[in-house]
Amino acid sequence: MVAAEVRRRISWPKCATVRLLTSAATTPTPAALVIDRSGYQRQSRGMSDTLLSRFLRYVQVDTQSSDTSSSFPSTPGQLELLKMLQQELAELGAADVRMTPHGYVMATIPSTIPRSKGPTVAFLAHVDTALDSPGQGVKPVVHRNYDGRPIRFVDNPRLVLDPTACPELLTAKGKDIVTASGKTLLGADDKAGVAIIMTLVEHLLGNQDLRHGPIRICFTPDEEIGHGVDNLDLKELGADVAYTLDGGPPGEICWETFCADAAEVTIEGISTHPMEARAKGMVNAAYLAGKFLAALPRERCAPETTGGREGFIHPTRIEGKVERATLHFILRDFELAGLAEKRRIIQGICRGLQTAEPRARITCKFRKQYSNMGQWLRQDMRPVELAREAMRAVDLEPYDQAIRGGTDGSRLTEMGLPTPNLFCGEHNAHSPLEWVAVQDMELAVKTCAKLVQLWSAVKRRR
Ligand SMILES: [Zn+2]
């Protein structure tokens with residue numbers, strides 16, 4: 001449903017017009033601040049207003065996931081939004097709308113081609129938001145017709161979103177930008193993806209003349225804590241190819257991600273009273289943990305010293321005292337050989353430290369996290385090639401972006417469902433400076449609508 005803009009003057013410095021945006025949708029929406037420095041009011045903007053209204057509703061539900069929770073989804077807010085999405089899919093008239101016992105919300109958009117032989121295409125987006133910045137009490141601010149000047153934040157005067165530091169902002173000149181208010185993240189990662197997919201559902205169901213094969217929709221929880229597809233039943237999803245909508249600027253296609261391992265090094269020392277430490281042979285595990293970190297090749301192998309296709313070893317957490325210290329790492333590389341090399345570096349430091357201090361006990365455990373989806377996609381690049389074609393059809397120039405991280409698609413592709421990641425307009429994810437342009441999200445809807453038409457001309461492989 002389209003948001004109704006209520007003209008209500010409120011005090012706000014240096015802005016031509018400030019309005020409060022409220023939603024006419026079934027779920028009540030707290031007002032969002034709208035800043036329009038252009039001073040003119042456009043008439044109905046069709047799809048982009050629908051998209052914006054949805055997006056504003058979704059970001060105001062606190063869906064931050066939790067890496068210390070033992071439930072799935074990890075937080076109740078995610079279930080709240082998932083239930084809203086389930087209801088909305090049903091109201092739009094999607095088929096087979098269902099929430100699984102683990103909270104995944106799925107639905108079907110039936111084929112518009114009788115006896116379609118095309119593959120089933122799925123679109124996925126995650127409802128949870130990152131843990132890096134506060135995610136509760138998100139107050140979205142809409143900057144209509146962005147004028148290219150630095151953006152200041154109502155709840156944090158020290159924060160500035162400046163085109164000199166963030167040149168991508170200039171690509172959004174004249175567009176409608178959404179930011180948070182300065183205290184929290186926005187949650188465009190990945191509620192932009194959720195709003196895009198929901199608008200795609202509405203668009204396809206409302207235009208039955210568009211020829212496409214069967215489409216599956218899936219909203220997932222807990223992506224940010226790496227558990228997004230833990231309980232996803234691929235048989236139930238029933239797709240031949242899938243796309244996550246969780247990317248950056250228009251035209252971006254991600255079909256390569258890191259290969260990822262986690263490592264945990266435990267150092268057991270010998271604790272004594274400091275008074276008799278020399279006599280009783282104290283071995284200080286905390287001190288050895290410091291030595292371990294100092295031995296890492298940080299200058300060429302840390303996230304803060306690498307870029308592009310270089311991998312890294314990243315100490316994420318350390319806890320310890322004299323008796324025992326534990327160091328947690330993540331290891332990343334685009335190639336399996338590079339990842340194995342990073343395991344060897346960790347093992348080598350363990351051995352060196354053990355030799356230097358035989359009284360300590362140093363052990364190391366590795367855990368595989370995910371793999372570069374490119375390893376599988378290279379064998380059949382059609383999911384990527386058709387996405388490029390769809391983008392060109394809506395006048396975008398597609399470009400590849402290898403992700404220095406992982407997506408749910410990394411694991412889905414490894415499990416047998418090819419799942420590249422497409423742009424949805426997110427910028428500065430995981431930060432209070434997060435922003436998204438409504439018109440960029442709209443381009444993603446149009447790209448996906450084109451994409452399903454292209455897939456309908458492809459014969460499904462049995
Ligand atoms: Zn994301």
Side-chain angles (χ1 to χ4, degrees), residues 51 54-55 58-59 61-67 72-75 77-78 81-82 85 103-105 122-135 138 140 168 178-180 184-198 200 217-230 232 242-258 260 303 330 332 369-370 372-373 387 401-413 417 419-437 440-441 444-445 447-448:
L51 244 176
R54 283 204 171 97
F55 179 70
Y58 302 159
V59 297
V61 184
D62 172 15
T63 57
Q64 216 163 22
S65 42
S66 161
D67 54 3
F72 192 96
S74 63
T75 50
Q78 296 184 68
L81 178 55
L82 285 161
L85 298 175
Y104 296 91
V105 169
F123 292 99
L124 296 96
H126 66 91
V127 298
D128 63 319
T129 56
L131 288 70
D132 310 62
S133 294
V138 173
E168 312 93 87
V178 189
T179 65
T184 66
L185 45 69
L186 173 63
D189 175 9
D190 185 25
K191 287 161 184 172
V194 176
I196 288 163
I197 293 176
M198 195 62 90
L200 175 73
I217 301 301
C218 183
F219 297 118
T220 62
D222 287 334
E223 190 263 2
E224 297 289 358
I225 54 168
H227 295 296
V229 296
D230 281 7
L232 181 61
Y243 295 90
T244 49
L245 268 292
D246 194 13
E252 185 188 85
I253 304 177
C254 312
W255 59 274
E256 279 212 274
T257 55
F258 268 146
I330 56 171
R332 299 289 187 262
Q369 291 183 305
Y370 56 84
N372 183 350
M373 61 167 89
Q401 179 71 51
I403 305 180
R404 289 176 62 79
T407 66
D408 279 344
S410 313
R411 283 175 64 201
L412 290 173
T413 305
L417 178 64
T419 311
N421 185 43
L422 304 181
F423 76 90
C424 59
E426 304 166 6
H427 295 268
N428 299 344
H430 298 202
S431 139
L433 293 173
E434 210 183 349
W435 64 274
V436 66
D440 292 351
M441 291 197 273
V445 177
T447 298
C448 294

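No hydrogens, no waters, no symmetry mates; every other heavy atom, side chains included, goes into these values. FYI, the numbering just counts along the sequence from 1. Just follow the structure's listing: the first ligand is 1, and inside any ligand the first atom is 1.
In this structure, Phe72 and Tyr104 have tilted ring planes: the angle between them lies in the 30° to 60° band.
Looking at Asp189 and His126, their side chains do bring a donor and an acceptor atom within 3.5 Å of each other.
With a cut-off of 2.8 Å, the Zn ion (ligand 1) has no N, O or S atom of Asp190 in range. Metal site remark for the Zn ion (ligand 1): Asp246 contributes an N, O or S atom at a distance under 2.8 Å.
The side-chain heavy atoms of Val436 and Lys191, taken from C-beta on, include no pair separated by under 4.5 Å. Side-chain contact check for Leu412 versus Leu232: some heavy-atom pair is nearer than 4.5 Å.
Centred on the Zn ion (ligand 1), the OD1 atom of Asp189 and the NE2 atom of His126 lie at an angle of 90°, reported to 10°.
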